[in-house]
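When reading the values below, keep in mind they use all heavy atoms of this one structure, side chains included, and skip hydrogens, waters and symmetry mates.
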Amino acid sequence: MLRHAVQRIGLAIPVLFGVLLIGFLLMQVVPTDPATVRAGPQATAEVIAEIRAELGLDAPIYVQFGKYLWRLAQGDLGVSIINNVAVTEELGNTIGPTLELMVSALFWSIPLGIFLGTIAAYWRGSLLDKAIMAVSVAGVSVPVFFLGLVLIWFVGFQWQLLPFTGRGGPLWSMDGILAIILPAVTLGGVFIGPVARMTRTAVVDTLSAEHVRTARAKGLPERLVVLRHALRNALIPVITLIGLQIGFLLGGAVVTETIFSWPGVGRLAVGAILSADFPMAQGTIIVLSLGFILVNLAVDLLYAVLDPRVRQA
């Protein structure tokens, strides 16, 4: 188990370096000059040149990247060009709301997707199975922004049942719970379909396995056969999909936070890119990429828990 964990962590390090390199180069090819943004539209060429020297933008790209990595190693993500606030401070204020949104979305969508997929597999070929699969396909096809706008228009604006702008407060408060319902439903709604479809496929394959037939021959109740012997062994491909979808969920969080004015990392990233705040944009890219890497690392480690063959490899 420890050897498997060390190997996966070792593979994650070059991936993170590649993300840092690509994120840095993307900021270099943007036509907007950070020095011009900080100086303002009325600044003279001399002032802009001084700011470029202060920011180190007059150095070669490889020198800038080396200094960038050195600052990252020290935990320094730079200072925002727009509001002159440390990037780490802004990220510290937005990571919490983003985690609240993602956990809330996964809290209800993963169990529901696994439940629907298991039900569809148990009654495969029935009308219920076809209905669940039809809903799953529809859920996969609906864009995040469309579902969010529909919920805002009907639930928030027309019926005025729930708030749809901003974060009402911490998740443990009533205002926070009410404010997070619509964003969490929007973000998790597109997650149910893939999980349900993968669960159905995996459970259908497992129900025909020899150990399941043996369990039935022993006279075990069908509920235990499905839950203990079929579903548990079918979770490995489902967990793979969940890990990949959580990564894509970070992209959906950017759209969801923008639509609902949720003060998270995704909304911060959009604002930083639109305002050409390069240090802030690079900081948000690092956080989102690191979240994707950590999720996939957790999925790899979970393999070793569920499948003994992975531990022995």
Side-chain angles (χ1 to χ4, degrees), residues 101-159 161-162 164 180-209 212-213 216 221-260 266 295 299 302 306:
L101 178 59
M102 293 194 64
V103 170
S104 300
L106 297 174
F107 177 76
W108 72 274
S109 60
I110 290 180
L112 183 58
I114 293 177
F115 172 77
L116 292 177
T118 305
I119 295 298
Y122 184 73
W123 278 288
R124 59 187 179 277
S126 65
L127 183 61
L128 179 61
D129 176 24
K130 296 178 181 178
I132 292 176
M133 288 300 99
V135 173
S136 300
V137 172
V140 174
S141 305
V142 175
V144 176
F145 71 89
F146 179 78
L147 179 58
L149 293 176
V150 169
L151 291 176
I152 288 175
W153 176 255
F154 288 102
V155 181
F157 184 73
Q158 291 288 342
W159 302 334
L161 296 177
L162 293 170
F164 56 90
I180 205 173
I181 290 178
L182 288 185
V185 170
T186 300
L187 189 59
V190 298
F191 198 75
I192 298 175
V195 174
R197 295 176 65 187
M198 179 58 72
T199 303
R200 180 191 181 278
T201 302
V203 172
V204 167
D205 292 340
T206 310
L207 284 174
S208 59
V212 175
R213 291 198 296 266
R216 284 173 172 162
E222 191 67 18
R223 176 177 59 86
L224 293 179
V225 172
V226 174
L227 295 179
R228 183 179 299 176
H229 296 276
L231 180 59
R232 182 177 179 181
N233 289 277
L235 283 180
I236 291 181
V238 176
I239 290 175
T240 303
L241 177 70
I242 290 175
L244 294 174
Q245 290 295 322
I246 289 177
F248 290 112
L249 209 63
L250 291 170
V254 175
V255 179
T256 304
E257 290 176 359
T258 303
I259 293 175
F260 290 95
V295 167
V299 171
L302 194 56
L306 294 176

Least distance between heavy atoms, A202 atom then T206 atom: O-OG1, 2.7 Å
When every non-hydrogen atom of A121 is compared with those of V204, the smallest separation belongs to CB-CG2, 3.6 Å
Please report the interatomic distance [atom1]([X]) to [atom2]([Y]), rounded to the nearest 0.5 Å.
| X | Y | atom1 | atom2 | value |
| --- | --- | --- | --- | --- |
| I259 | L187 | CD1 | CG | 10.5 Å |
| L116 | T118 | CG | OG1 | 8.5 Å |
| F260 | T186 | CZ | OG1 | 3.5 Å |
| I110 | I239 | CD1 | CD1 | 9.5 Å |
| L106 | L101 | CG | CG | 9.0 Å |
| L241 | L235 | CG | CG | 12.0 Å |

Enumerate the salt bridge (Lys or Arg N to Asp or Glu O under 4.0 Å) contacts for residues 237-250, please, sequence neighbours excluded, ordered by first and then second residue. none
Can you list every pair that meets salt bridge (Lys or Arg N to Asp or Glu O under 4.0 Å) and has a residue in residues 106-127, with sequence neighbours left out? none
Applying side chain to side chain contact (heavy atoms under 4.5 Å, CB included) to M133 and not counting sequence neighbours gives A120, D129, S136, R197, R200
Contacts of type side chain to side chain contact (heavy atoms under 4.5 Å, CB included), residue V195, not counting sequence neighbours: I114, F191, T199, V238, I242
According to the side chain to side chain donor-acceptor pair (under 3.5 Å) rule, which pairs have a member within residues 101-117, sequence neighbours left out? none
Give me each pair satisfying ring pair (Phe, Tyr, Trp, His ring centres under 6.0 Å) with a member in residues 112-153, each pair once, sequence neighbours excluded. W153-F157
My understanding is that only residues two or more places apart in sequence, or in another chain, count here; which of them pass ring-ring contact (aromatic ring centres under 6.0 Å, His included) with F154? W159
